[in-house]
Colleague: 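Please find one structure pasted underneath; my questions will follow.
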Amino acid sequence: MVFSYPRFNGKTDSKSYIHFFLNVWNTNHMSQQFPEAEAHESKIAEFGLTLDERAACWHSQMNLAAITTFDQQESTF
């Protein structure tokens with residue numbers, strides 16, 4: 001990855017964090033032109049890796065198979 005992802009530990013407001021995460025994701029994957037489903041899978045997977053502390057615990061307890069789009073991930077976050 002060209003740019004490092006931000007880390008979320010609960011001290012930043014979630015909407016701002018998601019906005020920043022998506023900006024970095026788009027920058028890092030701009031040239032790859034993923035199909036929509038593959039882009040959602042990548043965002044969901046990479047988003048989970050950026051969480052710390054309570055947010056990481058919350059994410060580990062989620063039924064990730066039920067999340068199929070990043071929009072769903074965003075609304076549960």
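What you see below is based on every heavy atom in this structure, not just the backbone, and it leaves out hydrogens, waters and symmetry mates. Just so it is clear, the structure is predicted and the values come from calculations on it, not from any experiment.
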Colleague: Using the side-chain hydrogen bond (donor to acceptor under 3.5 Å, both in side chains) criterion, which residues pair with D52? Sequence neighbours excluded.
Modeller: R7
Colleague: Once the angle between the rings of F21 and F70 is folded into 0 to 90°, is it parallel (under 30°), tilted (30 to 60°) or perpendicular (over 60°)?
Modeller: parallel
Colleague: Once side-chain hydrogen bond (donor to acceptor under 3.5 Å, both in side chains) is applied, do any residues pair with N63, and if so which ones, sequence neighbours excluded?
Modeller: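 Counting only residues at least two positions away or on another chain, N63 forms no side-chain hydrogen bond (donor to acceptor under 3.5 Å, both in side chains).
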Colleague: Heavy-atom count around F20 CZ within 6.0 Å, excluding the residue itself: above 12?
Modeller: no
Colleague: Taking C-beta and beyond as the side chain, do F8 and I18 meet within less than 4.5 Å on heavy atoms?
Modeller: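 When only atoms from C-beta onward are counted, I18 and F8 do not touch, as no gap falls below 4.5 Å.
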Colleague: For R54, which residues count as a side-chain hydrogen bond (donor to acceptor under 3.5 Å, both in side chains) partner, sequence neighbours excluded?
Modeller: none
Colleague: Going from CG on D71 to NZ on K43, what distance comes out if it is rounded to the nearest 0.5 angstrom?
Modeller: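 NZ of K43 is found 7.5 Å from CG of D71.
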Colleague: Residues two or more places apart in sequence or in another chain: which of them pass side-chain contact (heavy atoms from CB on, under 4.5 Å) with I67?
Modeller: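 Per chain and number, I67 pairs via side-chain contact (heavy atoms from CB on, under 4.5 Å) with I44, M62, Q72, Q73, T76.
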Colleague: Under the side-chain contact (heavy atoms from CB on, under 4.5 Å) rule, collect the residues that match up with A56, sequence neighbours excluded.
Modeller: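 With sequence neighbours excluded, A56 shows a side-chain contact (heavy atoms from CB on, under 4.5 Å) to L51, given in chain and number order.
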Colleague: Please name all residues satisfying side-chain hydrogen bond (donor to acceptor under 3.5 Å, both in side chains) with S14, sequence neighbours left out, ordered by chain then number.
Modeller: none
Colleague: Can you get from M30 to V24 by hopping between Ile, Leu, Val, Met, Phe, Trp and Tyr side chains that sit under 4.5 Å apart?
Modeller: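 No, no single cluster joins them.
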Colleague: Looking at residues at least two apart in the chain, or sitting in another chain, which of them share a side-chain contact (heavy atoms from CB on, under 4.5 Å) with N23?
Modeller: H19
Colleague: Do any pairs count as a salt bridge (Lys or Arg N to Asp or Glu O under 4.0 Å) and have a residue in residues 11-29, sequence neighbours left out, and if so which ones?
Modeller: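 Applying salt bridge (Lys or Arg N to Asp or Glu O under 4.0 Å) to every pair that reaches into residues 11-29, excluding sequence neighbours, yields nothing.
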Colleague: Which pair of heavy atoms, one from L64 and one from H59, lies closest together, and at what distance?
Modeller: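 Of all heavy-atom pairs spanning L64 and H59, the closest is CD2-NE2, 3.7 Å.
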Colleague: From L49 CG over to Y5 OH, what is the distance, rounded to the nearest 0.5 angstrom?
Modeller: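 If we round to the nearest 0.5 Å, L49:CG and Y5:OH are 9.5 Å apart.
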Colleague: Using the side-chain contact (heavy atoms from CB on, under 4.5 Å) criterion, which residues pair with Q32? Sequence neighbours excluded.
Modeller: H29, F34
Colleague: Do E74 and T69 come within less than 4.5 Å of each other through their side chains, counting heavy atoms only?
Modeller: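 Sidechains of T69 and E74: no contact.
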